[in-house]
Structures are given as C-alpha cells and as structure tokens.
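Below is one structure, written out as structure tokens; the observations come after it.
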Amino acid sequence: MNNRRWWAVSAAVVLVVAALVAWIRWPHDEPAPPPRAREYLDFTACLLTDAAGVLGADAAPVWAGMQAASAQTRARVQYLAATGATTADDAVPFLNSLAQGGCGVVIGTGTLAVQAIEKGAARFPSVRFVVVGMPLVAPNVTVVTASPDSPVDEAVRKVVVAAVPPAR
C-alpha cells in the first residue's frame, strides 16, 4: 500500500509541475504582430496608357516611378490601358473613367494618352494631370520631361510625391 501511495503522490507532483511549467511558458499579453497588409493613404495616382499597358516602352519607366512614389508615400497607384482606342476621341472615355474614379493625379504617357488629356482635362479642373515627354499647356496640366540629371522614372516619382497630401 505504501508503494501505491508513493506512486499517486509522485504522479500528482509531476502533474502539478507540468501544469506550472506550461503556465509559465504560455504567452501572456504579447503584442499582436504588425499587420502584413500594406495600409495605403486615401490618395490614388493613375496612369493612362495605350493598349500596351505598363509594358509599353513609354509607360514602363513612368510606372516604375509611380511605384517608387507609392513605396515612399503609401499612395495607391493604378493604371488603365486604353484598349481598342486608336484616336484621342476613343481614349477620352478611358481618361474620364480615371478622372471620375477618384484619381488625385492622372498621368498620361504616349501620344494617344497625351492627346486624350489635351481634349479632356478642362472638364476636370480639380484633377491634376501630368503628361510625359510632350508639351501641353493647360491650367491643371504639368509636363514632365526626362533629362540627364532626372530620368523619367525619377521625375514622375517626384511629381507624384509632391501631389500626395500630407498624412494626418
């Protein structure tokens, strides 16, 4: 009988020690891990391209500059390819989609997109338009050109960063 009692007491002690170790090692009020999703500002910079999209020769460096600006400021960036459009008149509805869709700045690259901005920018005076590489004079249009000191992607990054309102 002594032997049974000894085993019972030993088993109880082992269970108590195991429970104590588990309680000590259990995480208590640890801070939650930081969110893995990127939190964006309520600002969107948009790119209007021809049918080639961001893979086109004109659009690729512009898109790279926009993405760099997004990484720096947490502004959203998006693009819309004017698929099927062969004239500026055909591309204006794509421009209208971006301007009415909440884009804070609309960037156009390539002849088709710049011509669409030339035709449609006046209808959206509160939207800032940027054209790349082609002269265009309008109150709400900025022209970006490349130079040896500032390649297109860097010039676009600067324009988008400047357009982003300060975070609150």
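Computed from heavy atoms alone, side chains included, the values below leave out hydrogens, waters and symmetry copies. Sequential numbering from 1 along the given sequence is applied to the chain's residues.
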Solution key, residues 122-142 side-chain donor-acceptor pairs under 3.5 Å, sequence neighbours excluded:
residue, atom, partner, partner atom, Å
Asn140, ND2, Ala121, O, 3.2
Asn140, ND2, Phe124, O, 2.9
Asn140, ND2, Val127, O, 3.1

*With sequence neighbours left out, which residue pairs that include part of residues 43-54 fulfil the side-chain hydrogen bond (donor to acceptor under 3.5 Å, both in side chains) condition?*
Thr44-Arg76
*With sequence neighbours excluded, residues passing side-chain hydrogen bond (donor to acceptor under 3.5 Å, both in side chains) with Gln100*: none
*Which pairs, with at least one residue in residues 92-102 and sequence neighbours excluded, count as a salt bridge (Lys or Arg N to Asp or Glu O under 4.0 Å)?*
none
*Quickly, which of Leu48, Val62, Val144 forms a side chain to side chain contact (heavy atoms under 4.5 Å, CB included) with Ile107? Name it, please.*
Val62
*asked:* Do Phe43 and Val161 land in one hydrophobic cluster if side-chain heavy atoms of ILVMFWY residues count as linked below 4.5 Å?
replied: no
_For Ser97 versus Leu80, what's the shortest heavy-atom pair and its separation?_
CB-CD2, 4.2 Å
*Counterpart residues, side-chain hydrogen bond (donor to acceptor under 3.5 Å, both in side chains), relative to Glu154 (two or more places apart)*: Arg157
*Is there side-chain contact between Val156 and Trp63, with at least one heavy-atom pair below 4.5 Å?*
no
_Residue pairs passing the salt bridge (Lys or Arg N to Asp or Glu O under 4.0 Å) test where at least one lies in residues 80-95, sequence neighbours excluded_ = Asp89-Lys119
*Applying side-chain contact (heavy atoms from CB on, under 4.5 Å), name anything that partners Val13, two or more places apart in sequence or on another chain.*
Val9, Val17
*side-chain contact (heavy atoms from CB on, under 4.5 Å) partners for Val14, two or more places apart*: none
*Partners of Thr83 by side-chain contact (heavy atoms from CB on, under 4.5 Å), sequence neighbours excluded?*
Ala81, Phe94
*Please answer: with hydrophobic residues joined when any side-chain heavy atoms are less than 4.5 Å apart, are Val92 and Val106 in the same cluster?*
no
*asked:* What's the separation between atom OH in Tyr79 and atom SG in Cys103, rounded to the nearest 0.5 Å?
replied: 14.0 Å
*List the atom of Ala82, the atom of Ala91, and the distance in Å for their closest heavy-atom pair.*
CB-CB, 4.3 Å
*Provide the full list of disulfide bond (SG atoms under 2.5 Å apart) pairs with a residue in residues 68-98, sequence neighbours left out, each pair given once.*
none
What side-chain donor-acceptor pairs closer than 3.5 Å can you find for residues 109-118, not counting sequence neighbours?
residue, atom, partner, partner atom, Å
Thr109, OG1, Asp58, O, 3.2

*Hey, could you give me each pair passing disulfide bond (SG atoms under 2.5 Å apart) that has a residue in residues 47-82? Not counting sequence neighbours.*
none
